[in-house]
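Please read the structure below before turning to the comments.
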Amino acid sequence: MAGTILLIIQNPQYLKALAYALKDSGYQLKAVSRALQGIDFVRKEQPSLVITQLELEDMNGREVATTLKSDPRFAKLPIATLISPDALEERELCLVAGISGFIDLPLKLELLPLQIQFFLSGGTEDISDKSKMADAKNRHMQDLVKRLEERIRQLEAKNTELERLDEMKDTFIQLTAHELRTPLTLITGYSRLLEDHPPLRNLSERDPQIALLIDGLSMSITRMQSIIEEILTISRIMTKKIELSVAPANLGAIMRRAIQSYQEVLKNERQVSIYFDEREFPVAIRCDEALIQQMVSNLISNAIKYTPDGGSILIQAQYNNQLVRFSVKDTGIGIAPEKRESIFERMTIGGDIALHTTSKTNYRGGGLGLGLSICRGIVEAHGGKIWVESPGYDPQTCPGSEFIVVMPIIVDSADKTVSNSIKKLQSRSAG
Ligand code: ADP
């Protein structure tokens, strides 16, 4: 069976002419417009012939040939390039670069099938004057190095520009969130005053509609505050400006408070049970309590969001006098192996964007995709590690996920037995 002919061609006229000439050749045609796409295709599909334009946006035809011919698998791959017959010097450079021969420009439709047949049957062209070979090789190498240097300089300049834009974006996000926080604090205050205003309180006691409106208002304000806090935390993490205010804290109490904040919703809206034994947690660890609370709260909120009604969440801990390891394990939809790292990146949401919601508890209601990167930022700022284990993603069978955090304890007088799993984790983290 005839193979494939790869056309690395940017010019639509040339592409049209080549496709026309090859339509009855029996070969499949693959057309790409960028050299790197072409190189990737050759490595994967091993075509029978490559036809390339000399000047392409990302590389030139000679560079394509040198790259491919440096791989022994493609030593015999015929590569033809479109070139004007007058470009004598360039033709020499092409031949020493690994180009097999030429198709003259302007293209002559009636000659094309024959020319292509020549290359498919292994035909090559040679430098007629052999004494010029060494000089042509030299020039080709010099040219390659010069272009490579130019490319590196361009990339460095682009990189500097991107870093500058990234910094501007981070500053913009941080300033915007700060600016929004001030009026929101005022709105929160006014709404509390309004709620406590005796005539309005009387009215809401008599009229459930008014009570509903006031509740809705205060819930939305709380939600907005937590979004702004999330954005501020992530921007502090992004700009590495996270400053921990470290003090001894009771991890069990932090966990209990985080769970309590979801109790109402769990009772009224979602049938998910949480199992947790405060005694498993260290009572004194040095950490930034507010940030750790935010982190565990995110993990619990995710476990609730991605676990269907009827499911359960198990929160467990083990510790010794150096490390605490705790995990939030759910019986939810699970996480595909290829997503286990990327979900910790900013703005990565694993599910359907159509399910996006600002709720922290709706089933499969994805948020901003910031929660887990905040968790990772907070855990790493404390010198710890966070990762997820899950048999896979399946909303039907719900294999579940387990988010595991290991953090140094630093302060803890209680001398508990060092469990084997923590010892293993220590050596894993060290490795
Ligand atoms: P989001 O705000 O979208 O929940 P996160 O950063 O908290 O953002 O989570 C990123 C993605 O990781 C989620 O969109 C979801 O696909 C996946 N994910 C997080 N926690 C769980 C979990 N407990 N079970 C299954 N998938 C999860």
Side-chain angles (χ1 to χ4, degrees), residues 173 177 222-238 242 255 258-259 261-262 265-266 269-276 291-317 326-381 384-405:
I173 293 175
T222 311
R223 182 67 194 117
M224 209 152 140
Q225 266 176 325
S226 102
I227 293 174
I228 289 184
E229 287 312 315
E230 261 182 31
I231 296 176
L232 278 173
T233 312
I234 196 71
S235 75
R236 276 158 69 205
I237 292 169
M238 279 171 344
I242 193 156
M255 202 56 99
I259 297 171
S261 68
Y262 293 105
V265 159
L266 288 180
E269 292 170 31
R270 300 288 325 277
Q271 274 66 55
V272 176
S273 321
I274 301 189
Y275 299 94
F276 152 77
L291 288 179
I292 294 295
Q293 172 116 14
Q294 189 175 1
M295 184 261 297
V296 297
S297 180
N298 280 348
L299 293 182
I300 298 169
S301 147
N302 277 350
I304 299 173
K305 276 197 301 191
Y306 298 103
T307 301
D309 283 347
S312 55
I313 297 165
L314 177 64
I315 301 174
Q316 284 178 303
F326 62 88
S327 66
V328 179
K329 187 175 181 176
D330 60 53
T331 57
I333 57 177
I335 294 167
E338 67 277 11
K339 297 256 169 83
R340 273 176 225 150
E341 255 315 298
S342 64
I343 54 171
F344 289 97
E345 282 161 21
R346 266 187 283 159
M347 320 269 180
T348 302
I349 55 171
D352 184 349
I353 193 92
L355 296 171
H356 175 90
T357 151
T358 52
S359 161
K360 289 241 173 219
T361 49
N362 280 6
Y363 179 48
R364 298 179 74 182
L368 288 176
L370 294 179
L372 287 178
S373 61
I374 290 181
C375 290
R376 178 161 275 176
I378 293 174
V379 173
E380 285 180 354
K385 287 192 167 197
I386 177 169
W387 71 95
V388 65
E389 290 176 6
S390 169
Y393 169 79
D394 191 336
Q396 304 304 320
T397 59
C398 284
S401 321
E402 181 171 17
F403 285 83
I404 301 155
V405 175

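In each ligand, atom 1 is the first atom listed, and ligand 1 is the first ligand listed. Along the sequence shown, residues are numbered consecutively beginning with 1.
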Is the closest heavy-atom distance from [X] to ligand 1 below 4.0 Å?
X: N298; value: no
X: S401; value: yes
X: C375; value: no

Can a donor-acceptor pair be found between the side chains of [X] and [Y] at a distance below 3.5 Å?
X: T397; Y: D394; answer: yes
X: S327; Y: E402; answer: yes
X: S226; Y: R223; answer: yes

Nearest heavy-atom approach of T307 to S312 is CG2-N, 4.0 Å
For A177 against I228, the heavy-atom pair lying closest together = O-CG2, 3.6 Å
Note: ligand 1 atoms sitting under 4.0 Å from heavy atoms of K305 are 1 (P), 2 (O), 4 (O)
Near G371 (heavy-atom distance under 4.0 Å), the atoms of ligand 1 are 5 (P), 6 (O), 7 (O)
First locate atom CD1 of I300, then atom CE of M255, and finally report the distance between them rounded to the nearest 0.5 Å.
-> 5.5 Å
May I ask you to check if ligand 1 and S373 share an N or O to N or O distance below 3.5 Å?
-> no
Once you restrict to heavy atoms under 4.0 Å, what part of [X] touches ligand 1? Side chain, backbone, both or neither.
X: K339; answer: neither
X: F403; answer: side chain
X: T307; answer: neither
X: L372; answer: both

Test: E345 and K339 ion pair at under 4.0 Å | no
